[in-house]
Amino acid sequence: QVQLVESGGGLVQAGGSLRLSCAASGRTFSSYFMGWFRQAPGKEREFVAAISWSSNTYYADSVKRRFTISRDNAKNTVYLQMNSLKPEDTAVYYCAAGTKATMTPAHYDYWGQGTQVTVSL
């Protein structure tokens, strides 16, 4: 069992930055494929970024060169650094853990409660 707790969301102006954190419980964090997803009102949950056990990274086209995912296995934490934020980045951001290297939400086993990110003009 893995429990995930996100933090770091908030209100920021367009062009600004935020760093999200996801703290995981359990001693096997390093063996999980970790992902960040987001869901805006009225829209489906969408893939944002993911990082493998060996820190290979994957990004949605909409966030490439603006967002950076990283992990610190010693701290059982995964991060999402978000720069050059746009109003269309506004959503609830979720952290997820799974045993498959995938960008499909249904293939993740554990989810956090989400953290709101709001980007104003």
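Scanning both residues, T90 and V119, for their nearest heavy atoms gives OG1-N, 2.9 Å. In this structure, K75 and T77 approach most closely via the heavy-atom pair O-OG1, 2.8 Å. Shortest non-hydrogen contact noted between L18 and L85 is N-CD1, 3.9 Å. Taking every heavy atom of both residues into account, L20 and V117 meet most closely at CD2-CG2, 4.0 Å. Taking each heavy atom of S17 and S84 in turn, the nearest pair found is OG-N, 4.3 Å. Pairing each heavy atom of A91 with each of Q116, the nearest pair is O-NE2, 3.4 Å.
In this structure, the side chain of R71 does not engage the main chain of F33 through any donor-acceptor pair within 3.5 Å. The closest donor-acceptor contact from the side chain of W53 to the backbone of S31 lies under 3.5 Å. With T102 contributing its side chain and K100 its backbone, the two residues share no donor-acceptor pair below 3.5 Å. Of the possible polar contacts, one joining the E6 side chain to the Q113 backbone as a donor-acceptor pair under 3.5 Å is found.
No close placement of the F47 and Y58 rings is indicated, their centers lying 6.0 Å or farther apart.
Residues M103 and M82 do not share a hydrophobic cluster, defined by chaining ILVMFWY side chains whose heavy atoms lie under 4.5 Å apart. Put simply, M34 and Y108 are part of two different groups of oily side chains (I, L, V, M, F, W, Y) that touch within less than 4.5 Å, one to the next.
A salt bridge between D89 and K86 is absent, with no side-chain N of the basic residue lying under 4.0 Å from a carboxylate O of the acidic one.
Considering CG of L80 and OG1 of T68, their distance stands at 8.0 Å, rounded to 0.5 Å. Atom CG in N73 sits 6.5 Å away from atom OG in S55 (nearest 0.5 Å). Taking CD from Q1 and CG from D109, the interatomic distance works out to 10.0 Å, rounded to the nearest 0.5 Å.
More than 12 heavy atoms of other shown residues, nucleotides or ligands fall within 6.0 angstrom of atom CD in E46.
For residues 61-100, no pair satisfies ring-ring contact (aromatic ring centres under 6.0 Å, His included), with sequence neighbours left out. Applying the disulfide bond (SG atoms under 2.5 Å apart) definition to pairs two or more places apart or across chains, those involving residues 15-59 are C22-C95.
Ring geometry for Y32 versus Y110: interplanar angle over 60°, hence perpendicular rather than tilted (30 to 60°).
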